[in-house]
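Every value quoted in this text rests on a predicted model; they were computed, and no experiment measured them.
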Amino acid sequence: MDRETVIVLDFGGQYNQLIARRVRECNVYCEILPYTTDIQKIKELAPKGIIFTGGPNSVYDESSPHYSAEIFELGIPILGICYGCQLMAHALGGVVNSAVDNSSSEYGRTETEYFGDNILFENIHSRGISWMSHRDYISRVPNGFEINAKTEKCPVAAMSNHQKKLYGVQFHPEVNHTEYGSDMLRAFLYEVCGCKGEWKMDSFIDDAVEKIRQKVGNKGVVLGLSGGVDSSVAAAIISRAVGKQLTCVFVDQGLMRKDEGDFVENTFTKLFDMNFVRINCQDEFLSKLKGVSEPEAKRKIIGEEFYKVFWNKIRENYGSGFFAQGTIYPDRIESGKGDAAKIKTHHNQVGIPKDICFEDVIEPLKDLFKDEVRAVGEKLGLPHELVWRQPFPGPGLGVRVIGEITAERVKILQEADAVLREEMQSCGYDKKMSQFFAVLPGVKTVGVMGDARTYSELVAIRAVTTDDFMTADWAKIPYDILERVSNRIINEVEHVNRVVYDITSKPPGTVEWE
């Protein structure tokens with residue numbers, strides 16, 4: 001492997017992607033591999049270091065993820081986190097106790113004492129808060145290891161064997177709740193693994209452009225452009241590489257936010273040298289959705305119709321050369337959960353019909369996380385509002401119009417959502433939230449407007465804060481801002497007489513309503 005690499009070996013941990021992101025934030029490239037990865041492949045990759053993730057299992061359970069003890073003899077530095085730490089101890093002859101009650105369990109913020117000679121803790125205070133999430137615990141470290149941290153309930157919160165460059169921590173240094181966690185990871189990468197920190201976005205762009213040019217030659221490239229962050233950045237980087245040889249096909253099904261289709265077209269026709277093809281097909285989609293209210297049925301229809309419209313256009317003019325996708329790294333990570341590794345199906349990974357024969361697929365962002373994609377987009381000159389576009393469901397407003405989707409209901413939601421966005425941006429509160437949007441729940445309520453009784457639509461506002469979207473809290477928007485939003489929507493959007501605010505966290509709710 002040309003570039004220095006650290007492997008994150010996934011044992012089913014919920015923070016596997018977060019670990020990898022933290023490593024890359026230290027300018028070190030890393031890849032996530034499932035625990036089923038053969039040791040010969042690891043040898044061939046020759047990583048600078050290996051990180052074992054956490055996981056929900058017990059090392060004593062025969063069906064739990066395990067790995068050959070041979071990995072500890074490769075001479076490659078290893079950091080075990082949570083379950084990964086216990087697995088290291090168990091495999092090398094230490095003792096891991098399985099909790100019979102909650103007396104040894106630790107969850108959440110935990111005061112931790114650091115001591116002894118451990119290079120990971122050299123530049124931190126002797127006490128700090130770490131994030132724990134475990135039931136089992138290490139009661140005796142393997143021969144050659146020493147204990148370097150403890151908590152009230154956990155006698156081995158960290159251990160190390162400096163000679164073999166093996167380190168384990170029971171807590172999670174990758175989460176923000178762990179004080180000095182980033183310092184610990186950086187120490188492992190630079191002081192233990194000897195990384196140089198050469199993973200930077202400028203060099204990535206130059207390398208990616210050159211690879212695309214060499215691969216494409218004088219042939220064409222077709223990209224399905226959704227207007228989302230991933231496909232937009234992919235379009236920008238391919239355009240830099242091959243210019244007019246790129247054709248972007250943009251399917252506007254009428255379920256985007258207000259004026260968003262025009263924004264996408266203006267951005268890519270004015271800023272980039274490419275062929276831009278826009279297909280306006282709102283009427284076709286609405287016709288297919290007429291009378292349909294069930295959420296999954298709507299999703300299926302929208303997906304199938306999009307697939308048909310897009311590929312029919314390709315068949316007409318563009319079915320040769322190369323096909324490009326905005327696939328990013330999380331779309332294709334193999335999971336270490338369960339007995340067999342599985343690959344998650346994602347909307348960025350498109351199935352090509354058998355009758356269309358492209359030479360190959362180009363995925364310039366396939367090694368990047370979302371935050372890295374945004375960094376590339378900014379360096380390529382994409383508008384800030386596009387690069388930092390909030391997550392948007394594949395079916396668009398189709399899952400925010402609850403019940404049947406009609407042209408009138410889509411317009412109501414677009415107008416209400418536009419008011420919400422304008423107010424959030426004007427007061428700067430948009431930067432304090434991870435995602436916010438309006439929903440049309442399909443509920444009509446009685447009201448009084450202009451001294452007359454009304455029976456009109458209710459609009460719900462949803463806003464959340466989160467680090468990873470695995471969990472989310474409802475955003476505590478000040479009442480005066482919510483009041484302005486409500487007043488404007490009711491006064492400016494026809495057929496709306498009531499606005500409510502969703503104060504449900506995830507869990508038990510989800511971010512979207514359906």
Side-chain angles (χ1 to χ4, degrees), residues 226-230 232 252-264 295 298-299 302 347 370 374 384-443 457-479 481-490 492-493 495-496 498-514:
S226 69
V229 179
D230 303 337
S232 296
D252 186 351
Q253 85 288 54
L255 298 176
M256 302 183 75
R257 288 171 285 214
K258 184 180 179 181
D259 299 329
E260 200 159 36
D262 294 339
F263 170 69
V264 172
K298 290 193 297 183
R299 285 178 178 271
I302 293 169
H347 70 274
K370 179 71 79 174
R374 295 188 198 277
H384 180 83
E385 57 267 38
L386 195 157
V387 171
W388 291 96
R389 188 178 190 256
Q390 293 181 0
F392 193 62
L397 299 181
V399 294
R400 294 179 182 171
V401 174
I402 312 302
E404 183 181 6
I405 301 170
T406 65
E408 180 185 60
R409 300 191 73 212
V410 169
K411 181 174 175 56
I412 291 172
L413 182 56
Q414 286 176 331
E415 295 294 338
D417 192 73
V419 169
L420 171 64
R421 295 190 171 281
E422 186 177 309
E423 284 297 326
M424 293 299 105
Q425 290 165 6
S426 67
C427 67
Y429 217 79
D430 57 324
K431 298 179 178 62
K432 299 181 181 181
M433 295 179 289
S434 305
Q435 192 172 4
F436 59 91
F437 53 87
V439 179
L440 199 64
V443 174
E457 295 276 6
L458 173 149
V459 167
I461 297 170
R462 178 69 160 147
V464 298
T465 57
T466 178
D467 287 332
D468 52 20
F469 284 93
M470 295 173 63
T471 61
D473 194 12
W474 60 277
K476 311 304 188 289
I477 301 175
Y479 291 158
I481 298 177
L482 288 174
E483 183 179 29
R484 286 201 304 273
V485 171
S486 176
N487 286 340
R488 282 196 58 193
I489 290 175
I490 291 172
E492 298 176 24
V493 181
H495 311 299
V496 176
R498 190 181 299 267
V499 176
V500 298
Y501 187 52
D502 182 349
I503 59 170
T504 312
S505 296
K506 176 187 178 181
T510 56
V511 176
E512 296 289 344
W513 273 41
E514 71 172 26

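The minimum heavy-atom distance linking Ala472 with Ser505 is given by the pair O-CB, 3.4 Å. Contact detail for Asp502 and Trp513: the closest heavy-atom pair is OD2-NE1, 3.0 Å. Ser486 approaches Val499 most closely through the heavy-atom pair OG-CB, 3.6 Å. The minimum heavy-atom distance linking Phe437 with Val511 is given by the pair CZ-O, 3.4 Å. Contact between Tyr501 and Ala475 at its shortest, heavy atoms only, is OH-O, 2.5 Å. Nearest heavy atom pair, residue Phe392 against residue Leu255, reads CZ-O, 3.8 Å.
Evaluated for a side chain to side chain contact (heavy atoms under 4.5 Å, CB included) with Val401, the options Ile412, Leu413, Val439 yield exactly one hit, Leu413.
Taking CG of Leu482 as the start and CG of Asn487 as the end, the distance is 11.0 Å to the nearest 0.5 Å. Summarising the geometry, atom CD belonging to Glu385 is positioned 11.0 Å from atom CG belonging to Asp430; distances are rounded to the nearest 0.5 Å. A distance of 5.0 Å separates CE of Met424 from CE of Met433, quoted to the nearest 0.5 Å. Annotation: the span from Asp230 atom CG to Arg374 atom CZ amounts to 8.0 Å, rounded to 0.5 Å.
Residues forming a side chain to side chain donor-acceptor pair (under 3.5 Å) with Lys432 (at least two apart in sequence, or on another chain): none. Remark: Glu512 pairs with Arg400 by the side chain to side chain donor-acceptor pair (under 3.5 Å) rule, at least two apart or across chains. Pro508 meets the side chain to side chain contact (heavy atoms under 4.5 Å, CB included) test with Thr504; sequence neighbours excluded. Asp252 is linked by a side chain to side chain contact (heavy atoms under 4.5 Å, CB included) to Phe250, Met256, Arg278, Asn280, counting only residues two or more places apart in sequence or in another chain. The side chain to side chain donor-acceptor pair (under 3.5 Å) test applied to Ser434 returns no partner, not counting sequence neighbours. With sequence neighbours left out, Lys476 forms a salt bridge (charged side-chain N to carboxylate O under 4.0 Å, His left out) with Asp473. Residues passing the side chain to side chain donor-acceptor pair (under 3.5 Å) test with Thr406, sequence neighbours excluded: none. When the salt bridge (charged side-chain N to carboxylate O under 4.0 Å, His left out) test is applied to Glu457, the partners found at least two apart in sequence or on another chain are Arg409. With sequence neighbours excluded, the residues forming a salt bridge (charged side-chain N to carboxylate O under 4.0 Å, His left out) with Arg421 are Asp417, listed by chain and number. Listed by chain and number, the residues in a side chain to side chain contact (heavy atoms under 4.5 Å, CB included) with Arg299 are Glu296, Pro395, Val399 (sequence neighbours excluded). Under the side chain to side chain contact (heavy atoms under 4.5 Å, CB included) criterion, Ser226 pairs with Ser231, sequence neighbours left out. With sequence neighbours left out, Glu514 forms a salt bridge (charged side-chain N to carboxylate O under 4.0 Å, His left out) with Lys298.
Using a 4.0 Å cut-off between a side-chain N of Lys or Arg and a carboxylate O of Asp or Glu, Arg389 and Glu260 qualify as a salt bridge.
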Apply side chain to side chain contact (heavy atoms under 4.5 Å, CB included) to the pair Val485 and Ile477, showing each step before the final yes or no.
CA-CA 11 Å; Val485 171; Ile477 301 175; over 6 Å; no
From CA spacing to verdict: side chain to side chain contact (heavy atoms under 4.5 Å, CB included), Leu440, Val459
CA-CA 5 Å; Leu440 199 64; Val459 167; 4.0 Å; yes
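The environment of Lys506 atom NZ is dense: over 12 non-hydrogen atoms of other residues, nucleotides or ligands sit within 6.0 angstrom.
Side chain of Arg257 to main chain of Ala418: no donor-acceptor pair is present (N/O by atom type, distance under 3.5 Å, no hydrogens or angles). Not a single donor-acceptor pair under 3.5 Å links the side chain of Glu415 to the backbone N or O of Glu492.
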